[in-house]
Amino acid sequence: PAGDAVRGAQLYKARCGSCHSLDANRVGPAHRGVVGRKAGSMAGYSYSPAMRASRVVWSPQAIDRYLQNPQQMVPGTKMGFRLADPGQRADVIAYLQQQGRT
Ligand code: HEM
């Protein structure tokens, strides 16, 4: 089922916002344009070697898998956060999908 981007915006703020923002690298990399982007490619962000070496492209499906269990998808990643609820993942991904490059 398609996620709800409005709910996703709130979830993003509450659950991702401690480490991420759309336009600035913080604890984690900036997210604007992340859907469709190659993993480990945000300029100026210091990724783990595992993320830099990964060949993942962040499709909605790939982000869904990563949020379920980051270590399983990208062993050695330094993101230590999971979003267990499938509906919440769909909402956050719908929100990210709307935050394009400009
Ligand atoms: C990386 C999503 C929450 C810390 C990433 C990446 C995605 C992502 C897609 C890879 C980006 C890229 O390759 O450019 C999310 C979402 C979150 C969330 C959607 C909330 C639902 C968090 C939280 C933290 C965190 C709460 C800190 C406690 C990191 C770090 C990385 C990262 C450190 C870099 C990983 C590495 O280099 O191995 N996140 N994240 N994230 N995230 Fe998150």
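Just so you know, ligand 1 is whichever comes first in the structure, and atom 1 is the first atom listed for that ligand.
From the protein, the heavy atom lying nearest to atom 21 (C) of ligand 1 is C16 SG, 2.6 Å. For atom 28 (C) of ligand 1, the closest heavy atom belonging to the protein is C19 SG, 2.8 Å. Nearest to atom 31 (C) of ligand 1 among the protein's heavy atoms is P29 CD, 3.7 Å.
Of the options H31, R26, M42, the smallest heavy-atom separation from atom 15 (C) of ligand 1 is shown by H31. Here atom 14 (O) of ligand 1 lies nearest to Y47 when heavy atoms of Y47, Y45, W58 are compared.
No side-chain heavy atom of H20 sits under 4.5 Å from any side-chain heavy atom of V27.
Residue contact check: T77 has heavy atoms under 4.0 Å from atoms 35 (C), 36 (C), 38 (O) of ligand 1. Which parts of ligand 1 touch V27 is read off a 4.0 Å heavy-atom cut-off, strictly below it: atoms 33 (C). Listed by number with element, the atoms of ligand 1 under 4.0 Å from a non-hydrogen atom of S48 are 36 (C), 37 (O), 38 (O). For ligand 1, the atoms sitting less than 4.0 Å from at least one non-hydrogen atom of R15 are 26 (C), numbered in the order shown with element in parentheses. Each of the atoms 19 (C) of ligand 1 lies under 4.0 Å from some heavy atom of V92.
Of all the heavy atoms of K78, the ones lying under 4.0 Å from any atom of ligand 1 are found in both the backbone and the side chain. If you look at L67 next to ligand 1, the close heavy atoms, those under 4.0 Å, all belong to the side chain. Residue contacts with ligand 1 for R37 involve side-chain atoms from C-beta outward but no N, CA, C or O (heavy atoms, distance under 4.0 Å). For Y12, no heavy-atom contact with ligand 1 is shorter than 4.0 Å.
Atom NZ of K38 has more than 12 neighbouring heavy atoms from other residues, nucleotides or ligands inside a 6.0 Å radius. Annotation: Q71, atom CD; neighbour count of heavy atoms from other residues, nucleotides and ligands within 6.0 Å is above 12.
When all heavy atoms of V92 and C16 are compared, the closest pair comes out as CG1-SG, 4.3 Å.
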